[in-house]
Engineer: 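Before I ask anything, here is the structure I am working with.
For ligands, and for the atoms within them, numbers begin at 1 and follow the listed sequence. In this text, all values refer to a predicted model and were calculated from it rather than measured experimentally. Worth knowing before you read on, the calculation uses all heavy atoms, side chains too, and leaves out hydrogens, waters and symmetry mates.
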Amino acid sequence: MSNIQDQVVIITGASSGIGEATAKELASKGAKLVLAARREDRLKKLQDEIQAAGGQARYQVVDVTSYEQMQELAAFTLREFGKIDVLVNNAGIMPQAFLSKNKVDEWDRMIDVNIKGVLYAIAAVTPSMRERKSGHIINLSSVAGHNIYPGGTVYCGTKHAVKAISEGLRQEEAMSGTSIRVTNVSPGAVSSELLETISDPEMKEGMEDFYKVAIDADRIARAISFAIEQPSDVAINEMIIRPTVQVG
Ligand SMILES: NC(=O)c1ccc[n+]([C@@H]2O[C@H](COP(=O)([O-])OP(=O)(O)OC[C@H]3O[C@@H](n4cnc5c(N)ncnc54)[C@H](OP(=O)(O)O)[C@@H]3O)[C@@H](O)[C@H]2O)c1
């Protein structure tokens, strides 16, 4: 039996792509899931699919940019399942464009979802984890959290921030002896709905070309599952997962 059996896992951004694939992978290994995102129809369909296959899932409609809603998500999970073992901090957007296009609204949105949303989720789930001296935070950074490229400046900035938050959280929890594990996951090109968040036509075309080598989201789900499955005295802190043929 996998040690994922009966672990209570919150997944933000569970309505598509990597979040959805991770939900299916962990449900198949017996996790109890709370699926979170804004599109209720998608969450309900996924919950129904998981339950029909014998798994356990609930869903909660949340916008990760609201700290109040993230606190409600944590409270809902504790009411439904009594504990929170893992947070897959995955919700994110990538409306890339050159800085010279001055898409200030999109910069704000990326900062709100990709950075503040990640912090709000951590703030919501860690108090009960610290009390139990057990927990696992899995943050979705990106290869863009390690590299910087033209047009990706703000997105790269947000993903570098996620990497910094992961490492800072890891050090603080290790120092405090809370036994909370932290994993920073940095995918390369993965097939999902992420490119739909790009409003700039030229940038979108260029990224679609780059994404011809993209791998399926279930590849990332398996890596996340691997990190959770490890014995509690070991933490996989950093994973970079590219398509084999991706250069940058
Ligand atoms: N695909 C890639 O190549 C790739 C590479 C590196 C890193 N990543 C990272 O992986 C994560 C997942 O992306 P993906 O590729 O799976 O993209 P995706 O298919 O577009 O999924 C993004 C998810 O985030 C949710 N989301 C967006 N804004 C939200 C908000 N304000 N509140 C709550 N949920 C929100 C979306 O759900 P709703 O719209 O229903 O709210 C959706 O479920 C992101 O952090 C992304 O940056 C992806």
Side-chain angles (χ1 to χ4, degrees), residues 10-25 33-47 59-70 72-73 87-96 105-106 108-121 124 137-147 149 152 154-163 165-166 183-199 204 207-221 223-224 238-243 246 248:
I10 297 176
I11 303 176
T12 67
S15 58
S16 67
I18 293 169
E20 181 181 353
T22 303
K24 289 178 178 164
E25 174 73 18
L33 298 171
V34 175
L35 314 167
R38 292 165 305 171
R39 287 171 294 177
E40 184 167 14
D41 55 334
R42 296 285 199 95
L43 293 174
K44 184 163 186 337
K45 187 165 169 277
L46 180 59
Q47 175 195 259
Y59 75 83
Q60 187 85 335
V61 175
V62 298
D63 186 324
V64 296
T65 65
S66 160
Y67 179 43
E68 203 185 338
Q69 290 182 29
M70 297 314 288
E72 282 165 16
L73 173 65
L87 165 69
V88 182
N89 216 351
N90 164 74
I93 56 171
M94 189 181 69
Q96 297 191 136
D105 287 354
E106 294 185 350
D108 284 343
R109 194 83 196 129
M110 273 189 277
I111 290 164
D112 286 347
V113 176
N114 297 0
I115 304 178
K116 290 187 188 174
V118 164
L119 285 168
Y120 292 165
I137 307 291
I138 300 173
N139 292 328
L140 268 291
S141 177
S142 170
V143 163
H146 298 259
N147 300 342
Y149 48 90
V154 179
Y155 180 69
C156 292
T158 66
K159 292 301 179 179
H160 275 70
V162 172
K163 183 155 73 79
I165 291 163
S166 296
T183 302
N184 191 62
V185 180
S186 297
V190 177
S191 300
S192 74
E193 296 174 18
L194 199 63
L195 299 190
E196 301 306 314
T197 63
I198 302 175
S199 67
K204 194 167 179 203
M207 289 305 284
E208 277 167 355
D209 193 45
F210 181 73
Y211 267 63
K212 282 182 182 150
V213 301
I215 48 175
D216 286 347
D218 79 307
R219 276 41 175 176
I220 310 303
I224 290 171
E238 189 75 61
M239 293 199 278
I240 302 180
I241 308 149
R242 286 187 180 85
Q246 181 177 331

Engineer: In ligand 1, which numbered atoms sit nearer than 4.0 Å to a non-hydrogen atom of Y155?
Structural biologist: 7 (C), 8 (N), 46 (C), 47 (O)
Engineer: May I ask you to list the atoms of ligand 1 that are less than 4.0 angstrom from any heavy atom of G17?
Structural biologist: 16 (O), 19 (O)
Engineer: Does V62 approach ligand 1 within less than 4.0 angstrom via side chain, backbone, both or neither, non-hydrogen atoms only?
Structural biologist: backbone
Engineer: Answer with yes or no whether R109 contacts ligand 1, where contact means a heavy atom under 4.0 Å from a ligand atom.
Structural biologist: yes
Engineer: Answer with yes or no whether the side chains of Y149 and Q96 bring together a donor and an acceptor at under 3.5 Å.
Structural biologist: yes
Engineer: If the cut-off is 4.0 Å to any non-hydrogen atom of G188, which atoms of ligand 1 fall inside it?
Structural biologist: 2 (C), 3 (O), 4 (C), 5 (C), 6 (C)
Engineer: Looking at every heavy atom in both G248 and V143, which two are closest together, and how far apart are they?
Structural biologist: O-CG1, 4.0 Å
Engineer: State the atoms of ligand 1, each with its element, that fall below the 4.0 Å cut-off from a heavy-atom position in R39.
Structural biologist: 37 (O), 38 (P), 39 (O), 40 (O), 42 (C)
Engineer: Inspect the contact between E196 and K204 and indicate whether a charged nitrogen and a carboxylate oxygen are less than 4.0 angstrom apart.
Structural biologist: yes
Engineer: What part of Y120 sits under 4.0 Å from ligand 1 if we count only heavy atoms: the side chain, the backbone, both or neither?
Structural biologist: neither
Engineer: Please identify which atoms of ligand 1 are closer than 4.0 Å to at least one heavy atom of P187.
Structural biologist: 5 (C), 6 (C), 7 (C)
Engineer: Considering D63, L140, T158, L43 one by one, which has a heavy atom nearer to atom 31 (N) of ligand 1 than any of the others?
Structural biologist: D63
Engineer: Can you tell me which residue and heavy atom of the protein come closest to atom 17 (O) of ligand 1, and the distance to 0.1 Å?
Structural biologist: S192 OG, 3.3 Å
Engineer: Is it true that the side chains of S166 and N184 contain a donor and an acceptor less than 3.5 Å apart?
Structural biologist: yes
Engineer: Does a side-chain N-to-carboxylate-O contact under 4.0 Å join K45 and E20?
Structural biologist: no
Engineer: Which one of N139, N114, V190, N90 has a non-hydrogen atom at the shortest distance from atom 12 (C) of ligand 1?
Structural biologist: N90
Engineer: Below 4.0 angstrom, N of the basic side chain to O of the carboxylate: do R219 and E25 qualify?
Structural biologist: no
Engineer: Any idea which part of K159 is under 4.0 Å from ligand 1, heavy-atom wise: side chain, backbone, both or neither?
Structural biologist: side chain
Engineer: Below 4.0 angstrom from a heavy atom of A189, which ligand 1 atoms are there? Numbered from 1 as shown, please.
Structural biologist: 3 (O)
